[in-house]
Amino acid sequence: MKILVTGFDPFEGNEMNPSWEAVKQLSSQIGEHDITKIEIPTVFHKAIEVIEQKLNSEHYDAVVAIGQAGGRAEITPERIGINIDDARIADNDGNQPIDIPIRKNGAAAYFSNLPVKRMTESIKNNGIPAKLSNTAGTFVCNHILYQLGYLNATQYPNLLFGFIHVPYLPEQVTDKPGTPSMSLNTIVQGLTAAIKTIDHLPDLKAALGETH
C-alpha cells in the first residue's frame, strides 16, 4: 500500500511542530507500506491544495495527516472531522475564520475510514500512551481531516484517510509548567505502530468511547 503521510509547519510562535519533526523521522517502508512524506502549511484551504497536488500527480492508497495537539498527553487517532472552521488563533497566513463551513456542499461531518481503534490499541501495545479522540478541534487539523473526507466522498472513493494528533515535544514545554509532552523517538514509534496496522479490514469493536 502506498501511503502519503503529512506533517504541519510550526505555528502560534513555535519554532518547531512535532508532527513534521516526527514524520521526517518515519521510515520510507513501514511494514508492507511505502511511505511518502510531505510538509503542509498550517493554513486553511492551502494545506489541502498541497495534498491534492500529490493525489493528482500520483496514486496513493491512503493519506494520514499528523498534527500537534498541545496539552494532550497521548497520541490520539481522530475519529471524525466536522464541517466548521472556528479559529481561536490566526493561521500562518493571518486567516482567522469564525463559524465558517469548510464545504457548503459537504456533509456535516466525515468519519475517518482508517481502523482507528486498531491503530489506538497498536500504539498502546507498544507501551506508548494513546487514546481515541472524538474531536480534532476546529482549527487547521480538523479542517484537513474534513477535507480528506470530502475528497473521499467526491473524488477518491477508494482512498483511506485519517488524522493523528501528537503531543508537544519536551523542548516545547520548558516554559509551560505542568504541560505534558512526549519524546520525538516515542512519537515516531507510536506513529509507526499505527501506520503499520492500516488496511481495508473492519475495525475493532473495542470499548474505546467516552462518557463526556
(request) Could you grab the distance from atom CG of L132 to atom CD of E74, nearest 0.5 Å is fine? (result) 11.5 Å
(request) Give the cluster check for F111 versus F161: same hydrophobic cluster or not, with ILVMFWY residues linked at side-chain heavy-atom distances below 4.5 Å. (result) no
(request) Report yes if some heavy atom in the side chain of S133 is under 4.5 Å from a heavy atom in the side chain of H165; otherwise report no. (result) no
(message) Within the structure provided, determine whether F163 and I66 are in side-chain contact (heavy-atom separation under 4.5 Å).
(response) no
(message) What I'd like to find out is whether the side chain of I51 reaches to under 4.5 Å of the side chain of L4, using heavy atoms alone.
(response) yes
(request) Compute the ring centroids of Y60 and Y156, then answer whether they are less than 6.0 Å apart. (result) no
(message) Quick test of your reading: applying side chain to side chain donor-acceptor pair (under 3.5 Å), list the pairs with at least one residue in residues 186-195, sequence neighbours left out, ordered by first then second residue.
(response) S183-T186
(request) Identify the two heavy atoms, one from L159 and one from N113, that lie closest to each other, and give their separation to 0.1 Å. (result) O-ND2, 3.0 Å
(message) Are P41 and N92 packed together at the side-chain level, in the sense that at least one heavy-atom pair is separated by less than 4.5 angstrom?
(response) no
(request) Give a yes-or-no answer on whether the side chains of E49 and H45 include a donor-acceptor pair shorter than 3.5 Å. (result) no
(request) Any pair with a residue in residues 15-42 that passes salt bridge (charged side-chain N to carboxylate O under 4.0 Å, His left out), sequence neighbours left out, goes on the list, sorted by first then second residue, please. (result) E21-K24
(request) Quick one: closest heavy-atom pair of G190 and I123, and the distance? (result) O-CG1, 3.4 Å
(request) Kindly indicate, with the supporting measurements, whether the criterion side chain to side chain contact (heavy atoms under 4.5 Å, CB included) is fulfilled by Q68 and Y168. (result) CA-CA 7 Å; Q68 169 187 294; Y168 280 137; 3.4 Å; yes
(request) Answer yes if I30 and V23 sit in the same cluster of Ile, Leu, Val, Met, Phe, Trp and Tyr residues linked by side chain heavy atoms under 4.5 Å apart, and no otherwise. (result) yes
(message) Less than 4.5 Å apart, side chain to side chain, heavy atoms only: is that true for P167 and I75?
(response) yes
(request) Examine I38 and V140 and state if one hydrophobic cluster contains both, with Ile, Leu, Val, Met, Phe, Trp and Tyr joined whenever side-chain heavy atoms are less than 4.5 Å apart. (result) yes
(request) Would you mind reporting whether I198 and H200 have side-chain heavy atoms less than 4.5 Å apart? (result) no
(message) Same cluster or not: V166 versus I3, using hydrophobic residues (I, L, V, M, F, W, Y) connected whenever any side-chain heavy atoms lie under 4.5 Å apart?
(response) yes
(request) Can you sort out the partners of K2 under side-chain hydrogen bond (donor to acceptor under 3.5 Å, both in side chains), two or more places apart, ordered by chain and number? (result) E58
(message) To check you understand the geometry: which heavy-atom pair defines the closest contact between Q29 and G31, and what is its length?
(response) NE2-O, 3.4 Å
(request) Look up atom CD1 in I48 and atom CD1 in I144, then write down how far apart they are to the nearest 0.5 Å. (result) 4.0 Å
(request) Report yes if the side chains of Q96 and D91 come closer than 4.5 Å at any heavy-atom pair, otherwise no. (result) no
(request) With rounding to the nearest 0.5 Å, note down the distance linking CD1 in I80 to CG in L145. (result) 8.5 Å
(message) Could you go through F139 and F11, starting from their C-alpha distance and side-chain angles, then the distance that decides it, and tell me whether this counts as ring pair (Phe, Tyr, Trp, His ring centres under 6.0 Å)?
(response) CA-CA 11 Å; F139 195 51; F11 68 98; 5.7 Å; yes
(request) Check which hydrophobic residues are tied to V43 through side-chain heavy-atom contacts below 4.5 Å, counting indirect links as well, and list them. (result) none
(message) To check you understand the geometry: which heavy-atom pair defines the closest contact between L191 and A22, and what is its length?
(response) CD1-CB, 3.9 Å
(message) Taking the side chain as everything from C-beta on, heavy atoms only, tell me whether T76 gets closer than 4.5 Å to I164.
(response) no
(message) Restricting to side-chain hydrogen bond (donor to acceptor under 3.5 Å, both in side chains), what partner residues turn up for Y146, sequence neighbours left out?
(response) N83
(request) Quick one: which residue pairs count as a salt bridge (charged side-chain N to carboxylate O under 4.0 Å, His left out) with a foot in residues 118-131, not counting sequence neighbours? (result) R118-D199, E121-K124, K131-E210
(request) Determine the minimum heavy-atom distance between I102 and I82, stating which atoms define it. (result) CD1-O, 3.4 Å
